[in-house]
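We're numbering straight along the sequence, starting at 1.
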Amino acid sequence: MAASVAIQLEFGGGAELLFNGVKEHHVTLPSQTEPWDMKQLLVWIQRNLLKERPELFVQGDSVRPGILVLINDADWELMGELDYQLQDQDNIVFISTLHGG
C-alpha cells in the first residue's frame with residue numbers, strides 16, 4: 001500500500017480564482033493501494049479544492065489547453081504528464097495562460 005503523500009499545489013495566472021482566490025494549498029493525499037499520479041491528483045483537486053467553473057480548469061481527464069503545469073519547476077510534458085507518480089514534498093504549479101480581451 002502506498003503511503004500518504006504531502007505536496008504543495010500552487011495556482012496562478014488567474015487559475016487561483018477558481019479556488020476561492022487561494023494561490024497555495026498544502027495538502028496530504030491519503031494512502032491508497034497504488035501510488036498517486038497526476039491523473040488521480042486532478043480528480044482529487046476537482047472533488048476537494050475546485051470551487052467553480054471546472055470547465056476552465058479541466059477538459060476530459062487532463063487540464064484544459066492553456067494551463068501550464070510545472071512539477072518541481074519542470075514542464076510536466078518532460079515528467080510524463082498524467083502518468084507522473086507523485087513524490088512526497090512535490091511542488092505542482094498550475095498557471096493559466098488564458099486571458100480575456
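- Panel note: side chain Ser31, backbone Ser4; a donor-acceptor pair is recorded below 3.5 Å.
- Taking both residues in full, the closest heavy atoms of Phe57 and Leu42 are given as CE2-CD2, 4.1 Å, listed atom of the first, atom of the second, then distance.
- Side-chain atoms of Gln40 never come within 3.5 Å of backbone atoms of Met38 as a donor-acceptor pair (strictly under, hydrogens ignored).
- For Asn20 (side chain) and Val22 (main-chain N/O), no donor-acceptor pair under 3.5 Å exists by modelled atom type.
- Classified by interplanar angle (parallel below 30°, tilted 30° to 60°, perpendicular above 60°), the ring pair Phe94/Phe11 is parallel.
- Ile67 and Leu17 fall into different hydrophobic clusters, defined by Ile, Leu, Val, Met, Phe, Trp and Tyr side-chain heavy atoms under 4.5 Å apart, directly or through other members.
- Contacts of Asp88 classified as salt bridge (charged side-chain N to carboxylate O under 4.0 Å, His left out), with partners at least two apart in sequence or in another chain: none.
- The backbone N or O of Gln87 lies less than 3.5 Å from no partner atom in the side chain of Gln89, so there is not a single donor-acceptor pair.
- Partners of Thr33 according to the side-chain contact (heavy atoms from CB on, under 4.5 Å) rule, which considers only residues two or more places apart in sequence or in another chain, do not exist here.
- In this view, Pro65 and Gln59 satisfy the side-chain contact (heavy atoms from CB on, under 4.5 Å) rule, not counting sequence neighbours.
- Counting heavy atoms from C-beta on, the side chains of Glu24 and Gln8 come closer than 4.5 Å.
- Listed by first and then second residue, the salt bridge (charged side-chain N to carboxylate O under 4.0 Å, His left out) pairs that reach into residues 55-74 are Lys39-Asp61, Arg53-Glu55, sequence neighbours excluded.
- Of all non-hydrogen atoms in His25 and Leu49, the two that sit nearest each other are ND1-CD2, 3.8 Å.
- Residues Leu68, Leu70, Val93 make up the rest of the hydrophobic cluster containing Ile95, defined by ILVMFWY side-chain heavy atoms closer than 4.5 Å, directly or through other members.
- Thr28 contributes no side-chain N or O that, together with a main-chain N or O of Ala6, makes up a donor-acceptor pair within less than 3.5 Å.
- The salt bridge (charged side-chain N to carboxylate O under 4.0 Å, His left out) analysis of residues 25-38, with sequence neighbours excluded, yields no pairs.
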